[in-house]
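Worksheet: one structure, shown below.
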Amino acid sequence: MSAGAIIAIVIGALIVLALVMWLSKRSRDRAHETRRHEAREIRREAEVHGAEADQMSAEADERAARARREEAQARQQAVRAEEQRHEAEHHHARAHDIDPDTKGDYEPGSERATTSERESHADADRDTTRDGDHDRTDERFTREGDLDPDVVREEQRRTERADR
């Protein structure tokens, strides 16, 4: 073989090799661009999910705050009701002491239990639910003994400040 033919074969092989390398680089670049595009889409989706999660978390925090406010208002109302009961009891006792027809047989709480209150207490007793092996009274009904004295005092302070 002549030297010119060998040189032509070598140059042809180099051209084919350069063409193969160029095509493989181009194919690799396309694959990378496809992956970049897919990664951008996944990031956008992650941002949307993150924003939805933030919104749901904010709504849950708002609901929890609303529930705490309502619970505090319910405690305040219970404290005010208890104060009213004590005030009414005091008035009943004083009226009993002043009344010339009574003979010292006054029992605290006897004037307070009206028919409608007795019925509401009976309804509360019927509102018990079965929880495992324990009977549990419906949480809407609170008995006087269940109130924490510290909570009652704090609620009274808040009520007094609010009234001023």
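- Checking side-chain atoms of Ser57 against main-chain N and O of Ala53 turns up no donor-acceptor pair under 3.5 Å.
- The line from CD1 of Ile15 to CG of Leu19 is 9.5 Å long, rounded to the nearest 0.5 Å.
- A 6.0 Å sphere centred on CD of Glu38 holds no more than 12 heavy atoms belonging to other residues, nucleotides or ligands.
- Linking ILVMFWY residues whenever their side-chain heavy atoms come closer than 4.5 Å, directly or via other members, leaves Val16 and Ile9 in distinct clusters.
- To the nearest 0.5 Å, atoms NE2 (His91) and CD1 (Ile98) are separated by 10.5 Å.
- Between Arg68 and Glu71, no side-chain nitrogen of the basic residue sits less than 4.0 Å from a carboxylate oxygen of the acidic one, so the salt-bridge criterion is not met.
- Among residues two or more places apart in sequence or in another chain, the side chain to side chain contact (heavy atoms under 4.5 Å, CB included) test is passed with Arg40 by Glu33, Arg36, His37.
- Partners of Val48 by side chain to side chain contact (heavy atoms under 4.5 Å, CB included), not counting sequence neighbours, listed by chain and number: Glu52.
- Atom CD of Gln77 has 12 or fewer heavy atoms from other residues, nucleotides or ligands within 6.0 Å.
- Remark: Arg66 engages Glu62, Arg63, Arg69, Glu70 in a side chain to side chain contact (heavy atoms under 4.5 Å, CB included) (not counting sequence neighbours).
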### Query
How far apart are the C-alpha atoms of Glu82 and Arg85, what are their side-chain angles, what is the distance that settles it, and do they pass the salt bridge (Lys or Arg N to Asp or Glu O under 4.0 Å) test?
CA-CA 5 Å; Glu82 188 62 29; Arg85 268 191 218 101; 2.8 Å; yes
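- In this structure, the separation between CG on Asp61 and CG on Asp54 is 10.5 Å, given to the nearest 0.5 Å.
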